[in-house]
Amino acid sequence: MNEKQRLESEQINQMSSADVKSGANDNLNRLKNMSSDEMISKYFQTTYEPPNMRKAKKRLKKDVDIHYDFDIPLEMKAVGKGKKFLIRTYGCQMNEHDTEVMAGILTKMGYQATEDTNDADIILLNTCAIRENAENKVFGELGHLKPLKLENPDLIIGVCGCMSQEESVVNRILQKHQFVDLIFGTHNIHRLPQLVNEAMFGKEMVVEVWSKEGDIIENLPKARKGKVKAWVNIMYGCDKFCTYCIVPYTRGKERSRMPEDIVQEVRHLAAQGYKEVTLLGQNVNAYGKDLDFEYGLGDLMEEISKIDIPRVRFTTSHPRDFDDRLIEVLAKYDNLLDHIHLPVQSGSSDILRVMARRYTREEYLALVEKIRKAMPNATLTTDIIVGFPNETDEQFEETMSLMEEVGFESAYTFIYSPREGTPAARWEDDIPMEVKKERLQRLNALVNKQSAEAMEKYQGETVKVLVEGESKKDPDVLAGYTERNKLVNFKGPKSIIGEIVEVKITNTKTWSLDGELVESAVEVN
Ligand code: SAM
Ligand code: SF4
């Protein structure tokens, strides 16, 4: 118990009911009736462990602890009975998957999911810290949620995900958004039952953000979105420390799950009828480097290729660690799809050096050539940052020329956003925002052109589509993805949702294909 908690527990008897969170009185009485002084003191116990970016940066030699004993304490198993939760997710697939885990935990606590904020008893914002505009969206959403909290003081509002790992964010919430009940970090997800319990019964904002290298928690429940495609974490964290990026500070060190745990999870998904898995990590090519036996992503992919699952993808790759063994395995097995997302960030070796990407333009191109040689039909996509501090016109032109030279079929493009605590955020920058925006526009025009050209090649072709459901724009149309990750819209019976079918392409657009159903089910393998 810290000093603040001690002072609070001393005040127990002096507090009037008005001091206590609405509805918590009942809970207090319940606690008083059912148990000891210890329980009552627990009522006022407030967790306060804020983030520390300096600690988050450390990389020690210590082994990673793997925990297989996750369980929800008995007294918290029915806490959510008759109540609902809503989780808003911002950012990458990793966050989407964390949301599935939190939804799994809350479901096990008795809560049900809802899409309606007015209906929710808990609202969690699972946040992204990668760029400033991602953060602004979250603060905007908090503004929208405030009236709900004023109307319903029992509502629990929580902020989690990467933003919670930042000191400046936690301080801003503490100062300006005091209606928030709960802040917890990316390393604290498995503590959700205890934290929700504390937010429910306590008076203060609960803050628990561990700034550590991280452990691995197995056996967490997951409420997956959909029954067709699934994400599977193969590793957590990142040790690359690219100079612009906040991820190594928010997600801890690179730590690989044990191969047998991953294989078992994929087997289980296959048995449940899932047709596609995407193996997830911030830098999946570093998979296995931290294990105390020789084992890499190529070895893992080979094992997974033998599981009866038609489609296996992986993301995100880092060019530096992409090895020959992986290329050999990808080329060999049909269910390991030939779509490789290989973020390059810049086409200029000088910019790559200051970004600390640890490869040059020439090395990247040599890797692309190797991949193309082994997999002539591979689709390559990428991430690009424009307007990195002091990026010259010539350096930007190198990015434009690389985009064409590789023939990327799509790219996520970003204007550089300084992230507090990263080295690049301290560098002066003499490139005006207007110039950065103009570069982004030119780059996007090229990305669109290359995407449209790649799509045109499918005109009249028959492709295999994993049908995911109704199109977002038209419920009479079905939508799914090809092996090379192209979105296809076509008409067909709803009964084929979840199947892999053949579709003949009749029209091509910049970002999608239209087609006609040829055959309803394709024999896989
Ligand atoms: N681990 C992956 C890699 O190394 O390529 C990507 C992780 S990050 C979630 C996704 C993308 O966000 C990066 O590839 C990069 O293009 C972009 N990004 C990261 N930090 C950024 C920043 N400070 N400003 C703009 N874009 C950024
Ligand atoms: Fe960020 Fe670089 Fe790690 Fe990717 S590899 S998550 S860009 S530090």
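Values in this document were obtained by computation on a predicted structure and should not be read as measured data. Just so it is clear, the values below take in all heavy atoms, side chains as well, and ignore hydrogens, waters and symmetry mates. Just so you know, ligand 1 is whichever comes first in the structure, and atom 1 is the first atom listed for that ligand.
At a heavy-atom cutoff of 4.0 Å, ligand 2 is contacted by the side chain of Val247 but not by its backbone.
If you check which protein heavy atom lies closest to atom 20 (N) of ligand 1, you get Tyr244 CD1, 3.3 Å. Looking only at heavy atoms of the protein, atom 4 (O) of ligand 1 is closest to Arg357 NH1, 3.1 Å. Looking from atom 1 (Fe) of ligand 2 to the surrounding protein, the closest heavy atom is Cys245 SG, 2.3 Å. Protein heavy atom closest to atom 18 (N) of ligand 1, with residue, atom name and distance, is Arg131 NH1, 3.7 Å. Here the heavy atom of the protein found nearest to atom 23 (N) of ligand 1 is Ser417 O, 2.8 Å. Cys238 SG, 2.3 Å is the protein heavy atom nearest to atom 3 (Fe) of ligand 2. Nearest to atom 1 (N) of ligand 1 among the protein's heavy atoms is Gln282 O, 2.6 Å. Closest to atom 8 (S) of ligand 2, if we only count protein heavy atoms, is Cys242 N, 3.4 Å. With hydrogens left out, the protein atom closest to atom 8 (S) of ligand 1 is Ile130 CD1, 3.6 Å, a heavy atom. Closest protein heavy atom to atom 7 (S) of ligand 2: Tyr244 OH, 3.3 Å.
For ligand 1 and Arg419, the ligand atoms under 4.0 Å from any heavy atom of the residue are 23 (N). Remark: ligand 1 atoms within the under-4.0 Å shell around heavy atoms of Gln345 are 5 (O), 13 (C), 14 (O), 15 (C), 16 (O). Under a 4.0 Å criterion applied to the non-hydrogen atoms of Gln282, ligand 2 contributes the atoms 6 (S). The Phe241 neighbourhood of ligand 2 comprises atoms 8 (S), with distances under 4.0 Å to a heavy atom of that residue. For ligand 2, the atoms lying closer than 4.0 Å to a non-hydrogen atom of His318 are 5 (S). Set against the non-hydrogen atoms of Pro248, the atoms of ligand 2 under 4.0 Å away are 8 (S). The contact set between ligand 2 and Lys240, taken as ligand atoms under 4.0 Å from a residue heavy atom, comprises 3 (Fe), 5 (S).
Under a 4.0 Å N-O distance rule, the pair Lys289/Asp239 does not qualify as a salt bridge.
Within the 4.0 Å heavy-atom shell around ligand 2 one finds Arg357.
Between Arg361 and the options Ser346, Ser348, Ser401, a side-chain hydrogen bond (donor to acceptor under 3.5 Å, both in side chains) holds for only Ser401.
The closest heavy-atom contact to atom 14 (O) of ligand 1, among the options Leu342, Asp383, Ile415, comes from Asp383.
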